[in-house]
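What follows is a short report on a single structure.
In the text below, chain A, chain B and the rest are named by the order of the sequence lines, each starting its count at 1.
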Protein chains: 2
Amino acid sequence: MTETDTQAEHQVDTRVALLDVAEKLFSEHGIQAASLRMITQQAGANLAAVHYHFGSKEGLVKEVFSRRLRPLEEERLRLLDACDLSGGIEGTGIEQVIHAFVAPVIRRLRESPGEEHPFAQLMGRVFNEPSEEVKSMLVQEFKLTADRFLDALRLLLPHLSEKELMWRFHFLAGGMGHTLSCRKMIAKFSDLCAGSSPEEMLRYLVTFMASGLRAPATAGSDLQGEPA
Amino acid sequence: MTETDTQAEHQVDTRVALLDVAEKLFSEHGIQAASLRMITQQAGANLAAVHYHFGSKEGLVKEVFSRRLRPLEEERLRLLDACDLSGGIEGTGIEQVIHAFVAPVIRRLRESPGEEHPFAQLMGRVFNEPSEEVKSMLVQEFKLTADRFLDALRLLLPHLSEKELMWRFHFLAGGMGHTLSCRKMIAKFSDLCAGSSPEEMLRYLVTFMASGLRAPATAGSDLQGEPA
DNA sequence: GTCTATATAGCGATAGAC
DNA sequence: GTCTATCGCTATATAGAC
């Protein structure tokens with residue numbers, strides 16, 4: 001290993017180390033609460049390195065997210081393209097679409113075996129915490145994927161109004177997001193959930209959400225099941 | 001109105017005003033980002049008033065939550081007691097239980113007509129952002145209600161394993177939490193959702209979740225619908 | 001109970017040496 | 001590219017007058 005190699009590696013390492021540590025600390029303490037001093041210290045870098053590599057804390061935040069989201073959304077769309085939608089509501093197309101949406105997230109959960117993957121928890125935070133600027137970036141990042149998945153679901157569930165279709169998609173996304181990002185808190189409610197592998201949870205999720213999506217359209221005005 | 005009345009009211013007003021403004025600013029900017037300076041200024045109170053009334057920022061945070069959660073959980077349990085579970089999976093018991101869980105939240109959304117109710121958005125944050133101390137308080141606060149609802153669902157869905165029952169409850173809670181707390185962000189994805197009233201969303205939610213809960217138990221080992 | 005003033009500490013950002 | 005040193009600002013918390 002030559003001296004220039006070592007230097008070049010150190011440069012890359014600093015940048016990547018900052019992203020890794022930022023991701024971890026953002027997920028543990030929140031974006032606002034994780035200071036650049038904490039991040040650079042744990043990454044073995046200097047405080048000024050953040051501004052050299054990313055310009056500002058905001059720049060670091062954006063790169064933390066897009067580094068993970070870009071390949072994730074790509075994989076989702078690739079799996080969606082492979083789905084067989086010809087069976088309509090009767091076929092397994094709905095299960096396939098749900099799987100295409102959720103599995104790429106689950107797969108990444110498994111990448112850090114034995115531990116929580118920081119980004120999964122961060123994804124849970126992301127919709128509630130960050131600045132308006134980051135929020136807009138995320139909506140933009142998700143909008144394309146969401147529209148493509150909605151197209152697929154519209155094809156499979158033509159009996160639903162556009163509005164109800166949209167809500168059902170958000171029920172799916174919300175149920176997934178909550179269960180993935182709050183695994184530690186869910187574990188506090190029951191040891192059983194704590195003992196579930198991500199794959200096992202995925203199977204339960206697909207069953208539940210597929211059945212929810214297949215439900216008949218909601219009647220216009222009667223409040224179903226409301227106690228007298 | 002006597003002078004002592006005015007003084008007494010002012011004291012009460014200060015405390016309540018601090019809670020109201022804190023709730024609003026916590027929901028808008030996050031707990032960490034909402035400073036005591038912002039809160040006391042908007043509440044027309046002095047910076048030191050927070051420490052007089054609540055001891056610390058942490059004390060203020062806890063009271064903001066428990067002030068809303070105590071009556072909310074009470075109402076949920078009251079509605080749960082009124083549910084008719086005798087019909088089993090065939091009856092409307094499932095719809096009634098979901099309604100008992102979600103309606104108290106929806107009703108509070110409607111209390112500030114035309115605006116977002118700050119607490120609904122705050123509830124979305126709550127699972128992801130706050131300190132460990134606040135988190136533990138919340139789990140404790142929710143555990144009793146969760147166990148009671150799980151008892152009801154266990155009665156209605158005896159064919160489910162304890163583990164799958166637990167997960168389905170979290171899918172329900174997550175879907176509800178996400179859609180309620182991220183209404184503004186959901187609106188960015190589609191104008192249709194932005195135009196839905198809370199009551200309309202509740203009907204869609206009950207339809208979807210009831211169907212999800214009623215789904216047959218997941219088979220042990222086959223990954224349903226996974227593309228070949 | 002409410003106020004002013006201040007103590008103590010941490011923050012993001014930057015200038016400039018190396 | 002990395003470092004030290006520091007600026008300017010804000011935070012929570014508290015002491016003490018009224």
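Listed by chain and number, the residues in a salt bridge (Lys or Arg N to Asp or Glu O under 4.0 Å) with B:Glu58 amount to none (sequence neighbours excluded). Taking the salt bridge (Lys or Arg N to Asp or Glu O under 4.0 Å) definition, one finds that B:Lys188 meets it with A:Glu132, sequence neighbours left out. Take A:Phe54 and apply the ring pair (Phe, Tyr, Trp, His ring centres under 6.0 Å) test, not counting sequence neighbours, and it matches no residue. Under the rule for a salt bridge (Lys or Arg N to Asp or Glu O under 4.0 Å), the partners of A:Arg107 that lie at least two apart in sequence or sit in another chain are A:Glu75, A:Glu111. In terms of the salt bridge (Lys or Arg N to Asp or Glu O under 4.0 Å) criterion, B:Arg78 has no residue partners (sequence neighbours excluded).
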Return a single string for nucleotides 11-18 of chain C, one symbol per nucleotide in 5' to 3' order, where B is base contact, S is sugar-phosphate-only contact and - is none, cutoff 4.0 angstrom on heavy atoms. BBBB----
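If you take CZ of A:Arg15 and C1' of D:dT2, they are 16 Å apart, rounded to a whole angstrom.
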